[in-house]
Peer 1: 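Sharing a structure with you now.
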Amino acid sequence: MDRADAVGFSERFPLCSWLTAVRCLNPAMRLFDTLSRTERELAPIDGSTFRFYCCGPTVYGPAHIGNFRTFVLQDVLRRTLETGGTRTLHVRNITDVDDKTIRDSQKAGKSLTEFTSGWTEKFHADCEKLGLLAPHIEPGAVDHIPQQITMIETLVEKGNAYSSDDGSVYFKISSFPGYGRLSRLDERELDLGKTQNARSSSDEYEKDSLSDFVLWKGRKPEDGENFWPSPWGEGRPGWHLECSAMIQEYLGDSFDLHSGGVDLVFPHHENEIAQSECACGGHFAANWFHITHLLVDGGKMSKSLGNLYTLEDLAEKGFSAMEVRYVLIGAHYRKPLNFTFDSLTGAREALSKLARGARQLASKIEPGTVLTSAGFGPFQAAWDSLTGDLNTPGALGGIFTGLRESVRLTGAEAAAALAGMNRLLRALGLVLPEEAAGDAVEIPELIRSLAEKRWQARLAKNWAESDTLRAELVEQGWLMKDGRESYTLEPAGN
RNA sequence: GGCGGAGUAGCCAAGUGGUAAGGCAAUGGUUUGCAAAACCGUCAUUCGAGGGUUCGAUUCCCUCCUCCGCCUCCA
């Protein structure tokens, strides 16, 4: 199957020799598809570029590490595909108009755009710290109002949507038989009939069926300045429709993969399928990739429990974004991941162990050797884990195992192993700590002189004074480590 | 209540119808004036509980317990 596919690829692209070679060595990866509930091989449906869409953040505050679990795993998926020689087109939106962005921008006394662009910038800064590749296209909903209106018009024309008296437009779920397939919603669960309580409920908009969802929201006073003209009067787009319209704009009617957190399966993605397949008439996404939620200390993350962390919160506690990334890829994406501070500390140790391993491997290679090997050497098992349903913890384990195996390697074999390891690290998006990272820390003059005093005492074999001074340094929060010819100082207990 | 997912050593976690990867922590050793760091070694007869199928199950089936997610705009 894999081989046959590779042959087909080379026939289609006879000139892409290096790409073909990579593909032959590393056949396309496999990934579990939420809709079909099977593991499937990921191959671009257009034969050249793997085009995928990720539901991005709603920019009304800082993203937390739970959000980033999703974005990091999406990043690993992209990196793995690219490492395997597949070209990608990555689209991730910014949700910049919805109830929360409007509400909070008003609270902040800012315009919606001013408010959301601030949080978008913050999001980008966090992404960069985490080593996330920037999407090729990052559309915002506000910039795509015409496309959204066009899609709604199409749905109304086709009889899949209807407008109500208050200027809102709803999608008629009963017009799409496939509704509920992704989330396995039993039809009995849906209230498909016209009900009286729909009209009399506290719901703010008028719709025929309780299950019907809004495509366009008629203007309301609390929207403030945030409304746009439309054939149904002034208003703003519904959240679900934003994604469908932007997907059609940048990826067309059909594309390779759609992704988001599990919570988006229903109703968001279910609704997207309904809108897009009714409006465009084709098959929407070929694959669905959903990332399970992060737990903190075994439970749900929430502000009230005080366990909702942002990168900034963790940085204040002395943890780097790369350490956070390591923790986030430390569990399989379809299983819950329990985030703890112990695992963050563990990530620090694990990362420096990887860095030592890489340095040791590099030390066995002639300087100037070009790492051209296309294989993975002792890290083949790690690569197989990664390309087999994106098993990131399996891949991490495989790197450590491969590192142990490569201890015996020399020359060209060591070079090939290092090339394989680097390729894996790139796929996982891990950047290893530099050897002398501690040098960046500023050491106060008092500490310097204490350390120097102790070093002299130690050279004079005055152990008692030496130990007293070291204890004093610890009290000041500094750890002094003796080397053969000199010493190092680092902040203790971080 | 409905649907979906998870329970593997102190912690974070892979994995498999044939007898449990890896990381952290812990611990023994080498080294060090002593430490730290580094390096070498040890570390689950057992995979939530109880049944069943099987030559054999942690892995398949059933029941139970616990936890988590979704059930209309939360990644």
Side-chain angles (χ1 to χ4, degrees), chain A residues 34 37 54-58 63-74 95 98-100 173 180 183-186 188-191 203 207 210-214 217 237-243 259-268 270-271 290-295 297-302 326-327 329-332 334-354 356 360 381-382 385 388 391-404 407 458 461-464 466-467 470-471 474 479-484 487-488 490 492:
Chain A
T34 313
R37 306 205 167 234
C54 303
C55 286
T58 301
H64 54 70
I65 54 174
N67 297 313
F68 281 120
R69 182 185 190 191
T70 296
F71 300 132
V72 164
L73 265 298
Q74 290 164 343
T95 298
D98 77 326
D99 293 351
K100 287 177 302 225
I173 283 182
S183 55
R184 290 187 148 187
L185 262 189
D186 194 300
R188 285 168 296 185
E189 289 294 306
L190 296 167
D191 179 6
D203 195 83
K207 50 188 175 180
L210 274 179
S211 304
D212 288 351
F213 57 91
V214 70
K217 294 182 163 190
W239 177 50
H240 309 303
L241 190 88
E242 297 172 4
C243 286
S259 172
V262 273
D263 56 313
L264 298 185
V265 171
F266 186 88
H268 187 53
E270 197 71 76
N271 292 353
H290 289 108
I291 293 94
T292 300
H293 276 195
L294 181 75
L295 303 177
D297 295 326
K300 192 179 175 178
M301 210 173 18
S302 78
Y326 188 96
V327 172
I329 63 173
H332 186 82
R334 281 198 281 137
K335 284 194 173 181
L337 164 57
N338 191 19
F339 187 92
T340 63
F341 281 94
D342 284 348
S343 58
L344 266 179
T345 309
R348 171 169 302 166
E349 296 308 317
L351 280 167
S352 51
K353 187 167 181 173
L354 286 176
R356 284 195 304 275
Q360 200 189 4
S385 290
N391 187 345
T392 48
L396 288 172
I399 294 178
F400 285 102
T401 308
L403 225 30
R404 196 174 302 143
V407 164
R458 188 176 171 276
K461 296 192 190 295
N462 189 345
W463 309 130
S466 171
D467 289 349
R470 181 163 58 196
V474 168
L479 212 59
M480 183 165 173
K481 297 177 181 175
D482 302 336
R484 204 167 267 272
Y487 57 89
T488 59
E490 54 187 64

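Residue numbers start from 1 in every chain, and the chains themselves are labelled A, B, ... in the order their sequence lines are given, proteins ahead of strands.
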Peer 1: With no hydrogens and no angle check, is any side-chain donor or acceptor of Asp212(A) less than 3.5 Å from a backbone partner on Ile173(A)?
Peer 2: yes

Peer 1: Whole angstroms only, please: what is the CZ-P distance between Phe71(A) and A75(B)?
Peer 2: 7 Å

Peer 1: Take atom NE2 of His332(A) and atom P of G5(B), then tell me their distance rounded to the nearest Å.
Peer 2: 13 Å

Peer 1: Once you round it to whole Å, what is the distance between P of C11(B) and CG of Asp342(A)?
Peer 2: 10 Å

Peer 1: Using the C1' atom as the point on both nucleotides, what is the distance between A36(B) and C65(B), in whole Å?
Peer 2: 47 Å

Peer 1: Using the side-chain heavy atoms of Asp467(A), tell me which of these nucleotides is nearest: G69(B), A14(B), G33(B).
Peer 2: G33(B)

Peer 1: What would the secondary structure line of RNA chain B be in dot-bracket form, counting Watson-Crick and G-U wobble pairs under 3.5 Å, with [ ] for pairs that cross earlier ones and | for pairs with another strand?
Peer 2: (((((((..(((.....[...))).(((((.......))))).....(((((..]....))))))))))))....

Peer 1: So which nucleotide from C24(B), C70(B), C11(B) ends up closest to the side chain of Glu349(A)?
Peer 2: C24(B)

Peer 1: Just how far, in rounded Å, is P of C71(B) from CD1 of Ile173(A)?
Peer 2: 14 Å

Peer 1: Would you say Arg356(A) reaches C39(B)'s phosphate, i.e. side-chain N/O to OP1/OP2 under 4.0 Å?
Peer 2: yes

Peer 1: Rounded to whole Å, how long is the line connecting atom CE of Met480(A) with atom P of G33(B)?
Peer 2: 14 Å

Peer 1: Among the candidates A6(B), C12(B), A14(B), find the nucleotide nearest to the side-chain atoms of Asn338(A).
Peer 2: C12(B)

Peer 1: Classify the side chain of Asp482(A) and the base of C34(B) as holding, or not holding, a donor-acceptor pair under 3.5 Å.
Peer 2: yes

Peer 1: Kindly say if Lys353(A) contacts the phosphate of G23(B), meaning a side-chain N or O under 4.0 Å from OP1 or OP2.
Peer 2: yes

Peer 1: With respect to the side chain of Phe400(A), which nucleotide from G4(B), G22(B), C71(B) is positioned closest?
Peer 2: G22(B)

Peer 1: Figure out the CZ/C1' separation between Arg334(A) and G15(B), and round it to whole Å.
Peer 2: 14 Å

Peer 1: Between C68(B) atom C1' and Arg69(A) atom CZ, what is the distance in whole Å?
Peer 2: 12 Å

Peer 1: Which is it for Leu403(A) and Lys353(A) under the side chain to side chain contact (heavy atoms under 4.5 Å, CB included) test, yes or no, and what are the steps along the way?
Peer 2: CA-CA 10 Å; Leu403(A) 225 30; Lys353(A) 187 167 181 173; over 6 Å; no

Peer 1: Nearest 0.5 angstrom please: His332(A) NE2 to Leu73(A) CG, how far?
Peer 2: 8.5 Å

Peer 1: If only side-chain N and O atoms of Arg184(A) are considered, is one of them under 4.0 Å from the OP1 or OP2 phosphate oxygen of G4(B)?
Peer 2: yes

Peer 1: What do the steps show when you test Asp297(A) against Phe341(A) for side chain to side chain contact (heavy atoms under 4.5 Å, CB included), and what is the final call?
Peer 2: CA-CA 9 Å; Asp297(A) 295 326; Phe341(A) 281 94; 5.7 Å; no

Peer 1: Which is true for His64(A) with a 4.0 Å heavy-atom rule: it touches a base, it touches only sugar-phosphate, or it touches nothing?
Peer 2: base

Peer 1: Under the criterion side chain to side chain contact (heavy atoms under 4.5 Å, CB included), I'd like the reasoning laid out for Lys335(A) against Thr292(A): C-alpha separation, chi angles, the key distance, then a yes or no.
Peer 2: CA-CA 6 Å; Lys335(A) 284 194 173 181; Thr292(A) 300; 6.0 Å; no

Peer 1: Using the C1' atom on both, measure U42(B) against C74(B) and round to a whole Å.
Peer 2: 46 Å

Peer 1: To the nearest 0.5 Å, what is the distance between CG on Leu354(A) and CZ on Arg356(A)?
Peer 2: 9.0 Å

Peer 1: As a test of understanding, state which of Asn391(A), Thr392(A), Ile399(A) forms a side-chain contact (heavy atoms from CB on, under 4.5 Å) with Ser385(A).
Peer 2: Asn391(A)

Peer 1: Please classify the nucleic acid contact of Gly66(A) as base, sugar-phosphate, or nothing, using heavy-atom distances under 4.0 Å.
Peer 2: base

Peer 1: Please measure how far the C1' atom in A26(B) lies from the corresponding atom in G10(B), and state the result in whole Å.
Peer 2: 8 Å

Peer 1: For Gly397(A), does its backbone N or O pair with a side-chain atom of Thr401(A) as donor and acceptor, under 3.5 Å?
Peer 2: yes

Peer 1: What's touching nucleotides 7-9 of chain B from the protein side, N or O pairs under 3.5 Å?
Peer 2:
{"residue": "G7(B)", "atom": "OP1", "partner": "Lys335(A)", "partner atom": "NZ", "Å": "3.3"}

Peer 1: Picking from U72(B), A14(B), G33(B), which would you name as closest to the side chain of Pro393(A)?
Peer 2: A14(B)

Peer 1: Within the sub-3.5 Å range, which N or O atoms of nucleotides 58-61 of chain B have a protein N or O partner, and how far apart are they?
Peer 2:
none

Peer 1: Considering only the P atoms, how many Å lie between G50(B) and G1(B), rounded to the nearest integer?
Peer 2: 25 Å

Peer 1: Do any N or O atoms from the side chain of Ser466(A) and from the backbone of Arg458(A) form a donor-acceptor pair under 3.5 angstrom?
Peer 2: no

Peer 1: Counting only side-chain heavy atoms from C-beta out, which of G33(B), C73(B), G23(B) sits nearest to Arg404(A)?
Peer 2: G23(B)

Peer 1: Passes side chain to side chain contact (heavy atoms under 4.5 Å, CB included), Thr70(A) versus Gln74(A)? Steps please.
Peer 2: CA-CA 6 Å; Thr70(A) 296; Gln74(A) 290 164 343; 3.5 Å; yes

Peer 1: For a quick check of understanding: with a heavy-atom distance under 4.0 Å over all strands, which category does Thr95(A) fall into, base, sugar-phosphate or nothing?
Peer 2: nothing

Peer 1: Establish whether the base of C34(B) is bridged to the side chain of Arg470(A) by a donor-acceptor pair shorter than 3.5 Å.
Peer 2: yes

Peer 1: Can you tell which of A37(B), C73(B), A14(B) lies closest to the side chain of Trp239(A)?
Peer 2: C73(B)

Peer 1: Counting side-chain heavy atoms from CB outward, which of G5(B), G33(B), A13(B) is closest to Trp463(A)?
Peer 2: G33(B)

Peer 1: Under 4.0 Å between any heavy atoms, over every strand shown, what does Leu337(A) touch: base, sugar-phosphate, or nothing? Just pick one.
Peer 2: sugar-phosphate

Peer 1: Suppose you measure atom C1' in C70(B) against the same atom in A37(B); what distance do you get, rounded to whole Å?
Peer 2: 48 Å

Peer 1: If you look at every strand shown and take non-hydrogen atoms under 4.0 Å, does Gly346(A) touch a base, only sugar-phosphate, or nothing?
Peer 2: sugar-phosphate

Peer 1: For the residue pair Trp239(A) and His268(A), categorise the inter-ring angle as parallel (less than 30°), tilted (30 to 60°) or perpendicular (more than 60°).
Peer 2: parallel

Peer 1: Using a cut-off of 4.0 Å on non-hydrogen atoms, how would the nucleic acid contact of His268(A) be classed: base, sugar-phosphate, or nothing?
Peer 2: nothing

Peer 1: If the P atom of C39(B) is compared with that of G4(B), how far apart are they to the nearest Å?
Peer 2: 48 Å

Peer 1: Which nucleotide in the list A38(B), A75(B), C70(B) gets nearest to the side chain of Lys300(A)?
Peer 2: C70(B)

Peer 1: If you check the Pro267(A) side chain, which of A75(B), C71(B), G4(B) turns out closest?
Peer 2: C71(B)

Peer 1: Please state the C1' separation for the pair U32(B) and A20(B) - nearest whole angstrom.
Peer 2: 38 Å

Peer 1: Could you give the OH-to-C1' distance, from Tyr487(A) to A38(B), as a whole number of Å?
Peer 2: 21 Å

Peer 1: On a whole-Å scale, what distance lies between the C1' atoms belonging to G15(B) and U66(B)?
Peer 2: 23 Å

Peer 1: Looking at every non-hydrogen atom in both residues, tell me the closest pair between Tyr326(A) and Ala347(A) and how far apart they are.
Peer 2: CD2-CB, 3.6 Å

Peer 1: If I take atom CD from residue Glu270(A) and atom CG from residue Leu264(A), how far apart are they, to the nearest 0.5 angstrom?
Peer 2: 12.5 Å

Peer 1: Across the strands shown, which category fits Leu264(A) at heavy-atom distances under 4.0 angstrom: base, sugar-phosphate, nothing?
Peer 2: sugar-phosphate

